[in-house]
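We name chains A, B, ... by the order of the sequence lines, and we start the count at 1 in each one.
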There are 2 protein chains.
Amino acid sequence: MTNTGRPPSRPVQLDEVSKAIIEQLQADGRRSYADIGKAVGLSEAAVRQRVQKLTESGVMQIVAVTDPMQLGFTRQAMIGVRASGDTREVAARLAEIPEIDYVVLTAGSFDVLAEVVCEDDAQLMALLNERVRSIPGVQSTESFVYLKLQKQFYNWGTVRNREP
Amino acid sequence: MTNTGRPPSRPVQLDEVSKAIIEQLQADGRRSYADIGKAVGLSEAAVRQRVQKLTESGVMQIVAVTDPMQLGFTRQAMIGVRASGDTREVAARLAEIPEIDYVVLTAGSFDVLAEVVCEDDAQLMALLNERVRSIPGVQSTESFVYLKLQKQFYNWGTVRNREP
DNA sequence: AGTGAAACGACCGTAGA
DNA sequence: TCTACGGTCGTTTCACT
């Protein structure tokens with residue numbers, strides 16, 4: 001169930017049919033295997049076997065996603081963090097914050113990038129000052145407040161953590 | 001089907017039961033309504049009605065997500081873009097690039113943030129120089145290569161575009 | 001790996017509290 | 001908005017290719 005995480009010994013090669021199946025499920029994760037079969041030219045059983053293989057091998061996952069905007073989280077931002085010491089610890093601390101839904105360690109002029117989802121500016125400001133900048137090792141932060149999301153396509157990486 | 005996008009006239013208030021249903025579907029988007037009903041203490045029909053309402057109103061979506069690592073896309077990076085002129089046009093151009101899965105217009109020292117998913121450094125470099133930095137209006141870019149994804153939780157924003 | 005068929009279980013519409 | 005129930009369709013298993 002849980003994916004091992006890291007590095008693919010050898011990348012999984014998908015044929016056109018599997019890609020088509022994934023596309024169907026990207027449009028609607030609950031589409032029936034029978035419908036998908038009709039769309040890609042395969043029997044229901046064959047589709048189901050492929051989907052099972054894709055999910056069990058950890059290549060694909062079918063999940064619910066929610067719209068933060070409609071739930072009242074109207075303020076989003078990316079926070080760039082510069083840190084001293086072990087940046088993994090800083091990242092782990094950031095990941096503990098429920099309002100932060102995305103944390104990645106990076107090479108570049110930031111050590112960590114974190115995306116926050118807040119209800120308003122006040123919550124964002126409080127979060128930044130009270131819970132982000134107070135983490136030991138955090139030297140400075142830079143915030144990029146979202147104005148408009150232009151494109152979003154779902155991938156997932158090596159870790160999939162629920163909020164703590 | 002398509003969500004209107006933007007600003008919630010009034011945020012949707014979810015009760016504990018709906019939150020529990022969403023949690024079930026975040027763990028497994030194909031879990032049956034009957035199973036979910038057992039978990040949250042509701043009949044199958046009631047669960048189905050709530051899920052239908054959540055999806056039709058655009059609060060929730062059930063989709064397949066894939067793991068770029070396992071598919072051979074081992075290089076990911078966030079690109080910060082500084083641009084002159086209309087940043088919306090730059091964002092639109094970035095969104096046309098298939099390897100870019102995430103584009104957001106921001107207020108801050110970058111005008112646009114874009115996440116790229118590449119197979120290797122060579123592809124990333126070519127992408128940056130040939131297709132990003134060549135976009136009219138792009139003044140400078142800064143790249144943050146991903147070392148480790150620490151946390152990821154799925155939300156979706158105002159736009160959900162498939163690759164062009 | 002894929003197909004086909006039969007048993008089972010999930011899903012859907014409707015009726016009623 | 002929930003439960004109850006019957007009809008329909010999807011899913012599962014298995015034998016076969």
Exercise. Using heavy atoms to find the nearest nucleotide of DNA chain D for B/K53 and A/A34 separately, return the residue whose nucleotide is more 5′.
Key: B/K53
Quiz item: Are any non-hydrogen side-chain atoms of B/L25 and B/V51 less than 4.5 angstrom apart?
Solution: yes
Exercise. Measure the spacing between CE of A/M125 and CZ of A/R75 and express it to the nearest 0.5 Å.
Key: 12.0 Å
Quiz item: When we call it a touch if two heavy atoms are under 4.0 Å apart, what does A/R30 touch: a base, just sugar-phosphate, or nothing?
Solution: sugar-phosphate
Quiz prompt | Nucleotide interval of DNA chain C bounded by contacts with chain A (heavy-atom cut-off, under 4.0 Å) | solution = C/dA1 to C/dC11
Quiz item: Roughly how many Å is it from OH in A/Y33 to C1' in D/dG10, rounded to a whole number?
Solution: 10 Å
Exercise. For A/A45 and for A/K38, locate the closest nucleotide of DNA chain D by heavy-atom distance; then report the residue assigned to the nucleotide nearer the 5' terminus.
Key: A/K38
Quiz prompt | Nearest-angstrom distance from the residue atom CZ of A/R31 to P of D/dC9 | solution = 18 Å
Practice problem: Answer with yes or no whether the side chains of B/T55 and B/Q61 bring together a donor and an acceptor at under 3.5 Å. | Solution: no
Practice problem: For A/Q49 and D/dT12, give me the distance from atom CD to atom P, rounded to whole Å. | Solution: 11 Å
Quiz item: Within this structure, what is the CG-to-P distance between A/D28 and D/dG10, rounded to whole angstrom?
Solution: 13 Å
Self-check item: Length of the line joining B/E44:CD and D/dG7:C1', which is rounded to integer Å
Solution: 13 Å
Quiz item: If you measure only the distance, is there a donor-acceptor pair under 3.5 Å linking the side chains of A/R31 and A/Q24?
Solution: yes
Practice problem: Could you tell me whether A/R48 contacts a base, only the sugar-phosphate backbone, or nothing, with contacts defined as non-hydrogen atoms closer than 4.0 Å? | Solution: base
Quiz item: With a 3.5 Å cut-off and no angle check, do the side chains of A/Q52 and A/Y33 form a donor-acceptor pair?
Solution: no
Quiz item: For B/D15 and D/dT1, what is the distance between atoms CG and P respectively, to the nearest whole Å?
Solution: 10 Å
Quiz item: Does the side chain of B/Y146 come under 3.5 Å of the side chain of B/E115 through a donor N or O and an acceptor N or O?
Solution: yes
